[in-house]
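Letters A, B, ... mirror the listed sequences (proteins, then strands); counts begin at 1.
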Amino acid sequence: MPPVRIVVWVVEGTWEGCIDAAGRSIPSGAQVALLHVTPSDVTGVAEAAVAGLLGRTLPGSRPSRSFQDVADRAASELLAAAAARLGSQDAELLHRRGRVEREVIRAVAENVDLLVVARDGDHSRLGPHSLGPVTRFVVDHAPCAVLLVWPDEPPGIESIPPPPPG
Amino acid sequence: MPSPIAESLAGLLLVATLVCAIIRPWGLPEALVAVPAAALLLLLGVLPLSEAAAEVRSLAPTIGFLAAVLLLATFSDRFGLFEAAGAWMATGSRGRPVTLLALVFAVASTVTAVLSLDATVVLLTPVVFATVARLRLRPKPHIYACTHLANSASLLLPVSNLTNLLAFSASGLSFARFGATMALPWLAAIAVEWLVLRRFFAADLIGHTEASVVPRRPAPVYACLVLGLTLVGFFLTSVFDVAPAFAALGGAVALGVPLLRSRRATVRDVGVALQVPFLAFVLALGLVVKALAFHGLGSLVTHLVPGGTSLGSLLLIALIAAVLANLINNLPAVLLLLPAVSAAGPGPVLAVLIGVNAGPNLTYVGSLATLLWRRVLRQRGEELPISEFMRLGALTVPPVLVAATVALWISLTVVG
């Protein structure tokens with residue numbers, strides 16, 4: 001039987017909790033890949049602002065270029081830190097660029113058994129707002145099983161409002 | 001030439017000028033179409049020479065002022081001001097994304113007000129991006145904060161935006177009076193941006209990292225001192241009735257001389273930082289718009305724009321300015337609107353500025369250019385998240401316009 005293939009989606013802000021949860025739940029012998037996606041739209045916004053200056057760019061300043069270098073370095077450092085936290089030397093490190101939700105779905109489209117995702121919305125109570133829009137898309141569209149984890153301590157059960165009377 | 005034909009030709013040349021400035025085919029300078037366009041209008045007699053001469057005379061001091069402000073920003077960067085600001089924000093945030101966003105708001109609003117929106121877009125935004133990346137936080141809220149505040153926090157001083165510089169001479173206000181009147185609208189705009197961005201990006205403002213990953217940097221004391229004195233100088237020029245451009249020039253010289261002496265900058269750097277092609281572009285754009293206004297569009301605009309200083313009139317003026325800035329672009333918009341409102345006193349002029357400064361957060365470069373420009377961006381492998389971008393614009397621009405204009409109305413009533 002081929003080994004179980006697991007992808008852990010590593011995102012700034014939630015990656016530590018996500019890796020810890022993955023470390024607890026991944027069966028031994030599983031093939032693990034750590035995925036980080038650099039959003040392509042952030043640089044687009046910065047470029048739009050520069051275009052708004054109608055040519056008043058200062059010498060050698062195309063933000064997208066410096067942004068890409070910074071983003072690439074940050075991504076490889078993040079993935080290395082995630083692999084170290086997982087304590088796995090043979091985890092595959094995947095770095096993609098593009099529209100985040102689409103790239104994540106594409107990365108798990110074939111031969112992946114489980115995607116590990118952290119919640120990134122409202123932390124104050126249990127409820128549907130615990131997923132941000134990008135994570136919501138991923139959970140809704142993933143063609144494989146999804147392990148959805150809280151990046152930190154989950155809120156108590158009492159945070160769910162009582163059912164309406166009647 | 002009959003007026004309708006002259007008008008159409010001037011309009012066509014305006015569109016060509018703007019599109020080329022944004023798309024920059026083959027990386028050519030923005031003045032390449034603008035200057036021949038203005039020359040053609042002069043040659044064909046669409047713009048009479050006397051009108052052109054008057055326009056050049058009125059634009060020249062503004063362009064000199066702009067050149068000095070651009071130098072001030074570039075030299076501050078050479079002193080490491082923006083890198084130091086990045087390190088300061090990282091340390092001050094203690095790795096918390098919401099605290100970092102608050103510090104980005106404070107720094108971006110200040111940089112925009114004092115060193116112009118160019119400094120925020122070109123010099124501060126990359127530093128903020130690098131800081132957020134090192135802190136392993138999500139970049140989107142902080143980058144949008146920079147690009148939005150570059151527009152909406154550029155209300156405070158004449159130096160904050162080229163549109164303000166253009167309106168400054170038309171408003172008849174002193175530097176100090178301008179700042180005093182616009183302080184409340186500026187704060188109102190920043191407050192609205194904070195409330196909206198904080199909620200809009202709630203899902204991206206999570207996590208917590210050790211701030212120690214970003215090394216501390218000493219603040220460039222000399223540069224900060226010179227900028228502080230320049231700011232004081234701006235206000236003092238009002239007292240002594242001197243053109244405030246001289247304060248900017250003084251600051252630029254005080255920063256530039258030690259840089260040149262220690263060879264941290266060359267004379268060539270100074271030449272590049274002056275951005276002569278852009279200065280030529282502004283002058284040429286001014287002439288093209290003047291030609292357009294001369295053949296009837298000017299009187300149409302004058303009929304359209306209310307002249308009063310009641311709250312209703314101010315709101316309508318800000319709205320018209322914002323719509324025009326989004327239809328064409330904010331520079332031609334302000335050039336077209338200024339002659340129509342300047343006779344009505346400072347209130348309507350400042351309302352125009354609220355519209356043309358905060359309005360562009362809907363499309364940044366004007367809708368026509370945005371459409372064309374998205375295609376260019378896609379060819380470079382970049383993406384403009386148009387729906388998110390416009391949604392955030394639609395959520396912020398109307399309340400910013402209303403809040404800032406109401407604040408202006410209160411300011412005018414109190415400051416007078």
Do [X] and [Y] come close enough that some side-chain heavy atom pair is under 4.5 Å?
| X | Y | value |
| --- | --- | --- |
| B:L162 | B:V334 | no |
| A:L115 | A:V104 | yes |
| B:L135 | B:S93 | yes |
| B:L72 | B:V159 | no |
| B:R134 | A:V70 | no |

Next on the checklist: Which residues pass the ring pair (Phe, Tyr, Trp, His ring centres under 6.0 Å) test with B:F281, not counting sequence neighbours?
Outcome noted: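 Residues passing ring pair (Phe, Tyr, Trp, His ring centres under 6.0 Å) with B:F281: B:F278.
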Checklist entry - So which part of A:A75 gets closer than 4.5 Å to some heavy atom of chain B, the side chain, the backbone, both or neither? => result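 For A:A75, there is no contact with chain B at all, as no heavy atom is under 4.5 Å.
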Checklist entry - So which residues of residues 6-14 of chain A are in contact with chain B at a heavy-atom cut-off of under 4.5 Å? => result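 Result: A:V11, A:E12, A:G13, A:T14.
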Checklist entry - Which of residues 131-146 of chain A get closer than 4.5 angstrom to chain B, counting heavy atoms alone? => result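 The list, in residue order, reads A:G132, A:P133.
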Checklist entry - Do any pairs count as a salt bridge (charged side-chain N to carboxylate O under 4.0 Å, His left out) and have a residue in residues 20-39 of chain A, sequence neighbours left out, and if so which ones? => result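 As it turns out, the salt bridge (charged side-chain N to carboxylate O under 4.0 Å, His left out) pairs with a partner in residues 20-39 of chain A, which skip direct neighbours, are A:D20-A:R85.
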Item to check | Lys/Arg-Asp/Glu bridge criterion (N-O < 4.0 Å) met for A:R106, A:E103 | outcome: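 Salt bridge flag = yes for A:E103 with A:R106.
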Checklist entry - Parallel, tilted or perpendicular for A:W150 and A:H123, by the 30°/60° rule? => result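 Answer is perpendicular, since the angle exceeds 60°.
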Checklist entry - Which atoms of B:A130 come close to chain A, meaning under 4.5 Å heavy atom to heavy atom: side chain ones, backbone ones, both, or neither? => result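 Its backbone and side chain both get close to chain A.
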Item to check | A:S159 (side chain) donor-acceptor with A:L126 (main chain) under 3.5 angstrom | outcome: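 Judged by distance alone, yes, a pair lies under 3.5 Å.
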